[in-house]
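Shown next, in structure tokens, is the structure this report addresses.
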Amino acid sequence: HSNRVMWFQDFFPPNMCPINAKANTFYGIMFDAGSTGTRIHIYTFVQKSPENLPELEGEIFESVKPGLSAYADQPEKGAETVKKLLDMAIDAVPPHLWKKTPVVLKATAGLRLLSEEKAQALLLEVKEVFEESPFLVPEDSVGIMDGSHEGILAWITVNFLTGQLSGQNQQTVGTLDLGGASTQITFLPRFEETLKETPGDFLTSFEMFNSTYKLYTHSYLGFGLKAARLATLGALNMEVVDGQMFRSSCLPKQLEAEWHFGGVKYRYGGNKEGETGFKPCYLEVLKVVKGKLHQPDEIRGSSFYAFSYYYDRAADTNLIDYEQGGVLEVRDFERKAKEVCDNMERYNSASPFLCMDLAYITALLKEGFGFRDHTLLQLTKKVNNIETSWTLGATFHLLQSLGLTY
Ligand SMILES: O=c1[nH]cnc2c1ncn2[C@@H]1O[C@H](COP(=O)(O)OP(=O)(O)O)[C@@H](O)[C@H]1O
Ligand SMILES: [Ca+2]
């Protein structure tokens with residue numbers, strides 16, 4: 001299509017004009033600076049008619065590891081990883097739309113855990129990369145996202161993709177996200193009771209697509225899968241003494257290894273002489289979650305969408321198909337945790353943390369949030385070929401604030 005103006009264009013509303021069939025295509029670029037990796041999502045939308053929601057046409061997705069927080073002492077190098085990903089957008093977006101295509105980066109728990117100074121230095125370098133690009137750089141285009149937004153925007157994404165935000169008879173689903181450093185739970189309460197017994201800072205009103213949703217949401221910093229490993233080892237927020245060894249019954253007996261997280265080196269290993277296996281391991285992970293999370297009664301009976309590390313660990317252990325995902329019960333994680341923890345030698349080609357991760361997920365779901373053994377979890381990585389990530393919700397929010405959609 002060219003930009004030629006045809007005489008008949010004035011006779012048609014813009015969306016119906018035959019030569020303009022694609023004139024209402026637009027793009028949005030959203031970066032997710034997570035604690036374990038940085039990801040770019042390039043979305044294509046078509047607004048077919050002004051009274052309908054913009055239709056999502058597709059997504060281009062790419063990711064790199066490690067995340068920005070690993071470059072805490074080399075912010076320029078960190079920004080370089082963002083630039084590499086942004087080069088993909090140069091190829092994906094037609095040049096005449098560059099100036100109208102917004103680019104935004106939101107960082108999550110990895111940067112929340114860094115010192116203010118180091119986090120700001122990284123964000124400043126990223127901002128420079130954006131300013132040098134041909135794209136639209138809105139105000140606040142680079143920053144650390146509020147934990148409550150992370151949950152809400154993921155909820156918007158999943159419920160948009162499953163068609164629950166349009167039309168009548170909306171039956172929304174709750175969402176569970178398990179990151180490296182933090183974890184989120186979000187749902188739309190149906191009972192007056194829930195609103196009454198929930199602490200005020202767990203409830204947030206959010207406007208999207210001409211509706212207001214009062215959501216239950218909370219982000220637990222330090223309860224992501226990798227942070228939980230450190231907590232289980234007793235190493236989270238510890239002044240680590242040189243050569244200090246952290247041991248756990250969740251690790252293979254003979255294991256001794258090193259692990260770098262958040263710029264600190266940890267030595268860890270199994271209980272050489274002591275106990276190993278599910279029972280002692282579960283007691284260890286239980287200490288990390290017990291009594292630390294709010295348990296809304298309402299969620300016991302409902303089913304949830306779960307993604308990120310819930311998905312990865314379920315796929316790693318063949319509980320679900322890696323491409324298709326699947327439906328599980330909470331007790332399936334427990335069954336698998338027992339199987340792996342009580343036979344660690346059989347799983348020694350997988351991650352040494354597999355037993356600990358599965359035990360933690362089980363404890364988080366049951367003793368943390370208070371789900372039942374039979375609670376259903378819909379494990380999903382993509383819906384209609386779009387990643388289930390807070391980034392789509394964030395892009396809608398962005399387009400709305402720029403007046404590109406309502
Ligand atoms: O867009 C995505 N597609 C697929 N997986 C994702 C996406 N975003 C995050 N993840 C998953 O999230 C987990 C890592 O969490 P992340 O690095 O975002 O930590 P954080 O949320 O605590 O900052 C991994 O399981 C990773 O595969
Ligand atoms: Ca994340």
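Count residues from 1 along the sequence. Atoms within a ligand are numbered from 1 in the order they appear, just like the ligands themselves.
Within the structure, disulfide bond (SG atoms under 2.5 Å apart) pairs that include any residue of residues 263-295 comprise Cys250-Cys281 (at least two apart or interchain).
Look at Lys272 and Glu256 and you find a salt bridge, because one of the NZ, NE, NH1 or NH2 atoms lies within 4.0 Å of a carboxylate O, short of that distance.
In this structure, Gln295 contributes its side chain and Glu367 its backbone to a donor-acceptor pair below 3.5 Å.
Remark: Gln74 CD to Glu125 CD distance equals 11.5 Å, nearest 0.5 Å.
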Just do the side-chain hydrogen bond (donor to acceptor under 3.5 Å, both in side chains) check on Thr391 and Tyr43 with the steps written out, would you? CA-CA 10 Å; Thr391 49; Tyr43 297 107; 2.8 Å; yes
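A side-chain donor from one of Gln184 and Ser219 sits under 3.5 Å from a side-chain acceptor of the other.
Protein residues having at least one heavy atom under 4.0 Å from any atom of ligand 1 are Asp32, Gly34, Ser35, Thr36, Gly37, Arg39, His41, Phe61, Thr108, Ala109, Glu150, Gly179, Gly180, Ala181, Ser182, Ser308, Tyr309, Asp312, Glu387, Ser389, listed by chain and number.
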